[in-house]
Amino acid sequence: MKSINPTREGLARFREELPKNTPVVMLNLLKFREKALYPLGTGFQDCSGRQAYRRYADTALEQLSAIGGKAIWMSKAMSSLIAPEGETWDEVLLVRYPSSEAFLAMLQVPEYLAATIHREAALEDSRLIATIEIFTEMA
């Protein structure tokens with residue numbers, strides 16, 4: 001099932017399950033539309049999904065910095081070794097937030113909310129998985 005935005009239930013689980021005042025790294029799996037799909041009447045020009053995501057990312061990165069977070073890694077997804085048949089992703093992105101509270105606060109910032117139109121136009125499918133560090137090095 002394709003997913004673009006968090007559900008109310010997913011956000012409730014996120015609030016309940018993540019420890020407070022603990023850094024969170026969000027794993028983003030991104031699949032872009034070939035052509036961005038903006039709602040009619042928004043006035044945004046035709047562009048690719050990647051270009052629309054860049055519009056979103058410009059604002060998202062500013063807001064991320066304002067709350068003390070940062071994008072820590074982005075890569076092109078190449079080959080799925082363990083995945084359902086036919087499931088593919090274009091990019092993988094890791095974003096560190098100082099806490100789950102900071103992430104949720106960013107979701108309420110008007111500038112961030114306004115930029116989500118670009119994210120929704122850009123993505124065909126996505127996953128957003130919250131993680132907390134267990135250890136930093138494998139022995």
Side-chain angles (χ1 to χ4, degrees):
M1 181 165 96
K2 295 185 179 194
S3 302
I4 304 299
N5 293 311
T7 63
R8 184 171 285 150
E9 297 80 14
L11 286 170
R13 277 192 310 278
F14 179 83
R15 281 185 189 92
E16 293 170 13
E17 294 174 355
L18 270 79
K20 305 293 183 219
N21 301 313
T22 300
V24 173
V25 174
M26 300 296 264
L27 167 65
N28 296 258
L29 301 176
L30 307 170
K31 182 157 189 71
F32 299 108
R33 297 178 194 275
E34 189 172 318
K35 182 178 177 181
L37 184 60
Y38 283 102
L40 292 176
T42 58
F44 292 109
Q45 65 185 25
D46 288 342
C47 66
S48 71
R50 286 180 190 277
Q51 290 168 319
Y53 195 83
R54 185 75 238 166
R55 292 175 182 166
Y56 160 76
D58 288 344
T59 298
L61 290 171
E62 287 177 15
Q63 297 305 314
L64 184 61
S65 179
I67 62 164
K70 67 179 181 173
I72 56 176
W73 186 66
M74 184 173 213
S75 66
K76 180 178 179 180
M78 296 299 293
S79 178
S80 296
L81 294 143
I82 301 174
E85 189 64 34
E87 180 181 273
T88 61
W89 301 101
D90 294 322
E91 292 180 2
V92 178
L93 172 64
L94 295 176
V95 180
R96 183 184 316 272
Y97 295 87
S99 66
S100 59
E101 298 90 346
F103 171 78
L104 292 168
M106 189 183 83
L107 297 184
Q108 303 305 313
V109 173
E111 293 83 1
Y112 176 81
L113 287 171
T116 61
I117 191 172
H118 302 298
R119 184 180 183 281
E120 292 170 5
L123 294 174
E124 179 181 320
D125 199 5
S126 68
R127 299 293 182 269
L128 183 59
I129 302 167
T131 71
I132 57 170
E133 189 173 279
I134 297 173
F135 57 85
T136 57
E137 292 184 28
M138 295 185 72

Those residues that, when tested against Arg50, pass side chain to side chain donor-acceptor pair (under 3.5 Å) (two or more places apart):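 Checked Arg50 against side chain to side chain donor-acceptor pair (under 3.5 Å); matches are Glu91.
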
Results of side chain to side chain donor-acceptor pair (under 3.5 Å) for Arg127 - residues two or more places apart only: Asp125

Using residues 53-64 as the side-chain source, report each donor-acceptor pair under 3.5 Å to any protein atom, sequence neighbours left out, with the distance given to one decimal.
| from | atom 1 | to | atom 2 | distance (Å) |
| --- | --- | --- | --- | --- |
| Arg54 | NE | Asp58 | OD1 | 3.2 |
| Arg54 | NH2 | Asp58 | OD1 | 3.0 |
| Arg55 | NH1 | Tyr38 | OH | 2.9 |
| Tyr56 | OH | Tyr112 | OH | 2.8 |

Set of residues satisfying side-chain contact (heavy atoms from CB on, under 4.5 Å) with respect to [X], sequence neighbours excluded:
X: Ala130; result: Phe14, Leu18, Val24, Met26
X: Ser80; result: Ala83
X: Thr88; result: Lys31

Is it true that [X] and [Y] fall in one hydrophobic cluster, defined by side-chain heavy atoms closer than 4.5 Å?
X: Leu37; Y: Ile4; answer: no
X: Met106; Y: Val95; answer: yes
X: Ile72; Y: Leu29; answer: yes

So, for [X] and [Y], which heavy atoms are closest and what is the spacing to 0.1 Å?
X: Val25; Y: Thr131; result: O-OG1, 2.7 Å
X: Arg15; Y: Lys20; result: O-NZ, 3.0 Å
X: Leu93; Y: Met74; result: CD1-CB, 3.9 Å
X: Pro23; Y: Ile132; result: O-CG2, 3.6 Å

